[in-house]
Amino acid sequence: MKSALVARMGRRVITGAFVAAVAAAAVPAHAIVVYDGDGASPVGIQNTSAAPNGVGSYVGSINEGGGVLVAPDVVLTTLHLGASVGSTFNYQGQGYSVDAAEQIGNTQIELLHLSAPTGSTGVQLYTSNPGVAQSAILVGYGGAAGSAFDGNSATQHGFNWTTTSAAQSWGATTTDATLYSDGAGATYLGYAFQPVDGSSIYTGGDSGGGMFVDDNGTWKLAGIAWSVDGYFTQGSGDPNRAPDAVAAIYDVAGANLFTLDNNSQFVAAGGFQHGYASQIAPDAAAIEGEIARLSTVPEPASVAVLGIGAAFLLGRRRRA
């Protein structure tokens, strides 16, 4: 497995936020931006219609990001959103209070238990490791594409990020066949944002949303939105300059941008900007174990029966 998070661009933008072990930094993600080049100049569109195959029905919002239901009362999200006991998961117009929260292993995945069940059964987990590129659907919350991003160039190379919105949006992509690592053992599914109609990428506010893949006709959760390649500088790559604003960029090299390499040296950025989702498969068993543990609460009817039994035994002891 290749540690490509470090290898690709050095610094990352956490789409909800990126971790230091990857390299130097990352930028959080917001709404899914989709490339549309049919007009005179490319625009970034936002699909706010219902996501295909019903996958959007598993996704809600929390702390300016997203979360995915994997059981009626269990949500997976990303750590950098800072969800905790007392946070509110918003799902289909209703708020659900979080009464337990925990990190899954050494990953950026956070599991939340809700104080009351939702109307969703929750999505199944994808437990296979990708050996080839796979079609995927991204679902998240955030702002639409902003103004044109030129970088250090006279030509548009992407779209500036905007503020988050309350609207759920989606986009389609194809994952890389390669897995990525943050150096701490956690793995990620990556995909490229390209100047091809329909190509998509996370932006600020998409963190915690879902990446779904088709497993023999059943759409399952393969990843939780984490971050994108980010914080590029223009011109000389002067290390004393503050990072430029992050953007959804479909031609990093053409924008004449610089980024930090693994040795914290500024080098010319190249290739396509990538988005990353925390991979579910390596920790699927642990997640399913926690779902089972949190669900082992007696049904109200069972509790009543237990109460009656206890009273009966108490009565017998008193008579004895």
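Keep in mind the model is a prediction, meaning the values are calculated, not measured.
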Dump the intermediate steps for side chain to side chain contact (heavy atoms under 4.5 Å, CB included) on Phe266 and Leu260, then the final yes or no. CA-CA 4 Å; Phe266 276 87; Leu260 291 173; 3.3 Å; yes

From CA spacing to verdict: side chain to side chain contact (heavy atoms under 4.5 Å, CB included), Asp73, His113: CA-CA 6 Å; Asp73 54 359; His113 184 259; 3.1 Å; yes

For Gln234 and Leu257, run side chain to side chain contact (heavy atoms under 4.5 Å, CB included): C-alpha distance rounded to whole Å, both residues' side-chain angles, the deciding distance at 0.1 Å, then the answer. CA-CA 5 Å; Gln234 299 177 6; Leu257 299 175; 3.7 Å; yes

Which is it for Ser199 and Val34 under the side chain to side chain contact (heavy atoms under 4.5 Å, CB included) test, yes or no, and what are the steps along the way? CA-CA 6 Å; Ser199 183; Val34 181; over 6 Å; no

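In this structure, CD in Glu290 is found 4.0 Å from CD in Glu102, a value given to the nearest 0.5 Å. A distance of 10.5 Å separates OH of Tyr250 from CZ of Phe149, quoted to the nearest 0.5 Å. Rounding to the nearest 0.5 Å gives a distance of 12.0 Å between CD of Glu64 and CD1 of Ile62. Taking CZ from Phe272 and CD1 from Ile249, the interatomic distance works out to 13.0 Å, rounded to the nearest 0.5 Å. One finds the OG atom of Ser169 at 5.0 Å from the CD1 atom of Ile32 (value rounded to the nearest 0.5 Å). A distance of 11.0 Å separates CD in Gln194 from OG in Ser200, rounded to the nearest 0.5 Å.
Side chain of Asn256 to main chain of Asn152: a donor-acceptor pair is present (N/O by atom type, distance under 3.5 Å, no hydrogens or angles). Remark: side-chain polar atoms of Ser135 are not paired, donor with acceptor, to backbone N or O of Thr174 under 3.5 angstrom. At distances below 3.5 Å, not a single donor-acceptor pair connects side-chain atoms of His274 with backbone N or O atoms of Gly190. Looking at Gln156, its side chain does come within 3.5 Å of a backbone N or O of Pro42 through a donor-acceptor pair. Side-chain atoms of Asn160 come within 3.5 Å of backbone N or O of Ala148 as a donor-acceptor pair. Panel note: side chain Asp251, backbone Gly254; a donor-acceptor pair is recorded below 3.5 Å. Judged by distance alone, the side chain of Asn53 and the main-chain N or O of Val55 form no donor-acceptor pair under 3.5 Å. Under a 3.5 Å cut-off, the side chain of Tyr91 and the backbone N or O of Ser57 do form a donor-acceptor pair. One N or O on the side chain of Thr162 and one on the backbone of Ala144 form a donor-acceptor pair closer than 3.5 Å.
Contact check for Phe89 versus Leu112: no side-chain heavy atoms found under the 4.5 Å cut-off. Side-chain contact check for Gln273 versus Ile201: some heavy-atom pair is nearer than 4.5 Å. A 4.5 Å side-chain heavy-atom check between Ile291 and Ile287 finds at least one atom pair inside the cut-off. Side-chain atoms of Thr88 and Val98, non-hydrogen and from C-beta on, never get closer than 4.5 Å to each other. Side-chain atoms of Val74 and Leu114, non-hydrogen and from C-beta on, never get closer than 4.5 Å to each other. In this structure, Thr233 and Thr259 have side chains that are not in contact, with every pair of non-hydrogen atoms separated by 4.5 Å or more. Side-chain contact between Phe212 and Val68: present, with at least one pair of heavy atoms (C-beta onward) separated by less than 4.5 Å. Using a 4.5 Å heavy-atom cutoff, the side chains of Ile280 and Leu76 are in contact.
Here the shortest heavy-atom pairing between Gly146 and Phe159 reads O-CB, 4.2 Å. Minimum heavy-atom separation, Thr175 to Ala136: CG2-CB, 4.1 Å. In this structure, Ser128 and Ala281 approach most closely via the heavy-atom pair O-CB, 3.6 Å. A pairwise comparison of heavy atoms in Ala177 and Ala133 identifies CB-N, 3.8 Å as the closest pair. Heavy atoms only, all atoms of each residue included: Pro117 and Tyr96 are closest at O-CE2, 3.4 Å. Minimum interatomic distance between Ala284 and Leu125 (heavy atoms only, all atoms of both residues): O-CD1, 3.9 Å.
Here the two rings, on Tyr180 and Tyr276, have centers that are under 6.0 Å apart.
No path of Ile, Leu, Val, Met, Phe, Trp and Tyr side chains, each step under 4.5 Å between heavy atoms, connects Leu79 with Val228, placing them in separate hydrophobic clusters. No continuous path of ILVMFWY side-chain contacts below 4.5 Å connects Val70 to Val213, so the two sit in separate hydrophobic clusters. Cluster membership check: Trp170 shares its hydrophobic cluster with Trp219, using side-chain heavy-atom separations under 4.5 Å among Ile, Leu, Val, Met, Phe, Trp and Tyr.
Checked by atom type, the side-chain pair Gln168/Tyr141 shows a donor-acceptor distance below 3.5 Å. Looking only at atom types and distance, the side chain of Asp176 has no donor-acceptor partner in the side chain of Tyr191 under 3.5 Å away. For the residue pair Asp283 / Thr107, no side-chain donor-acceptor distance below 3.5 Å is found, with atom types taken as modelled.
Ring planes of Phe193 and Tyr35: perpendicular class, angle over 60° (limits at 30 and 60°).
Under the side-chain hydrogen bond (donor to acceptor under 3.5 Å, both in side chains) rule, Tyr126 has a single partner from Gln134, Gln279, Lys220, which is Gln134. Results of the side chain to side chain contact (heavy atoms under 4.5 Å, CB included) test with Tyr188 over Leu179, Ile224, Asp182 single out Asp182 as the only residue that passes.
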